[in-house]
Amino acid sequence: MRINRLFLLGCALSAAALALSGRAQTDAGIPQLQKQGSATQLIVDGKPFLVLSGELSNNAATSLESMEPIWPRVVAGNLNTVLVGVSWAQFEPEEGKFDYSLVDGVIAGARANHLHLVLLWFASWKNGTSSYAPYWVKKDYLRFPRIQIGEGKTVSITGPIETLSTFGDANSDADAAAFAALMRHIKEVDGTQHTVLMMQVENEVGVLRDSRDRSPAANRAYAGQIPAELMNYLEAHKDNLIPELREVWAANGYKKSGTWEEVFGPGKPATVEVPLATTSALLGLMEHEGDWLKWKWPSDEIFMAWNYSRYLEKVVHAGKAEYNIPMFVNTWLQSRDEAWPGSYPSGGPLPEVHDIWRAGAPELEILAPDIHIEYFDDVCARYLRNGNPLFIPETSTNSANVIMAVGKYNTIGFSPFGVDSVRPVTSDLASTYAILSQLSPIILAHQGFDTMTAVRMNKGDPPKQVKLGNYTLTLTYTGRNTFLPLQPKGGVAISPRFADPEAGMATPLEAAAILIATGPDEYYFAGGGFRVDFTPNIPGPPNAGLGVVQEGKFVDGKWVVTRQLAGDDDGQGEILTLRPNTILRVLLYRLP
Ligand code: DGJ
């Protein structure tokens, strides 16, 4: 699909008009998700919104005083949204008595700083355990049941397991009632202003230190038949199930009913202890290095995924009945050092159990990855399967990752964890956020279509070819601090002072850029560290020339040229080099 410039100009102008007229004041502007091509976008006040964000450390918003110095730092980092935790313990200090002061203060603080919020409901579970449950819940272990691990233990290596069980309606009733009160209040104070964009429900749920809950109620359910609702869902979606899940179901003969182990194979014997970390000493070097991704004890994880998803569906349903904005659940992913279910929370929305979560929690729109592992692109791709919208609530500040997430994986948003503390926004990320924010009307107009992509490259990578619009682009790594390419097309060497663009740099940085074909001969590029050569891919003269090369910025959605490049800056008209944190507009022409 091709999108012409007039259309994009229209988008930019209507964005500017909306900004001038102030926010739409009707409920029609309530945050919601909408499909565009292969992408899912967050629509706020009737237009798509790119969430350029950061998550605060867990307890940053436990007092308004603690938030005071944080707001200016967030603004300086060019964030447009902040992810902020809301503690159930503080929100409902006494059963049925809600304290709205912190939520109100955080919303007011965000508005004063022209920021949006995504609120994180730290309630029944936070990183698997239940440290944010109110005191009245924690101390009443008879009314609010806890999980048991191993052979009936409630005490782990590190101490008591403060983990509420998914079994027992008292837990989910209490959580759902509090969440409903929160959503009712957010609607009252924000239903027309839309400062709050989305809600994260709980945080990294799943059983730790064992592969499943082994309380008596859990054991009874595990020994019983798989609920018909789940089996019916799997039957109905058999052809499109995530391959990992399909494989374990196929291995046991695609049974249509039975116990969890009859349908999905054996679980972990209670006597096998799950270590806190799966180190190479424990797994053996080979498994630690390569084999760790294989799925251990799938029936335990599927069983827990079903029970967590049913629980969360109840909470989400209660919240959405009050105020229906997009909601998501985040994932503690499997990694080499947390390779077994239980060393990562078992039953969380990991890629292999996405179908179980879809069946169990149909009102939860997004299954979101916390990407603290090195396989960023792989995780993005796995979280886009079966139409799951991508949103990344926790990750690092790597600016190449945000470029890839936005340009290639159509993410709704990107959010490094701990931006107020352990992971301050770097100047590199702040600059990247600035260019993405300027370019966002164009990015959002192209998300989900084949007119936009992103590429990352490292030193030593061979050139990459990308077919985009009417040209095939050959990208050659030049390094992030390059101001000129090494060789013009004819092979004539440029002045030796440009010979090693990375001389003096200890670690050459990864290069990444978003590439957008905005017209038959027009491109916008954001970011870089590449040289780009163009080859026409539609009939006509075989060569491409650089017609116009402009460096610039968008002001109120309008392209403003800051430098028109020729001479030294484009290899005397022959070479285009993309530089980090720079936006270029290029017009090409064809020649024999
Ligand atoms: C992941 C959790 O979701 C966060 O809340 C925080 O605890 C980080 N881990 C700490 O690295």
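Predicted model only: the values in this text are computed from it and were never measured. When a ligand or atom number is given, it counts from 1 through the structure's own listing order.
Considering Asn78, Leu79, Asn80 as possible partners of Leu52, the one that fulfils the side-chain contact (heavy atoms from CB on, under 4.5 Å) test is Asn80.
For the 3.5 Å distance criterion, the side chains of Thr397 and Arg423 fail to qualify, holding no donor opposite an acceptor. In the model, Arg382 has no side-chain atom that pairs as donor or acceptor with a side-chain atom of Asn388 under 3.5 Å. Of the N and O atoms on the side chains of Glu301 and Trp297, not one donor lies less than 3.5 Å from an acceptor on the other residue. Side-chain contact check for Asp300 and Ser211: at least one donor-acceptor pair (N or O, by modelled atom type) lies under 3.5 Å.
Residue contacts with ligand 1, taken as heavy atom pairs separated by less than 4.0 Å, do not involve Val422 at all.
A 4.5 Å side-chain heavy-atom check between Asp213 and Thr163 finds every atom pair outside the cut-off.
For ligand 1 and Asp370, the ligand atoms under 4.0 Å from any heavy atom of the residue are 3 (O). Each of the atoms 2 (C), 3 (O), 5 (O) of ligand 1 lies under 4.0 Å from some heavy atom of Asn203. Those atoms of ligand 1 that come under 4.0 Å of a heavy atom in Glu204, given as number and element, are 1 (C), 2 (C), 3 (O).
The nearest heavy-atom contact from the protein to atom 10 (C) of ligand 1 is Phe417 CE2, 3.8 Å. Scanning the protein heavy atoms around atom 7 (O) of ligand 1, the nearest turns out to be Asn127 ND2, 2.9 Å. Protein heavy atom in closest approach to atom 3 (O) of ligand 1: Glu394 OE2, 2.5 Å.
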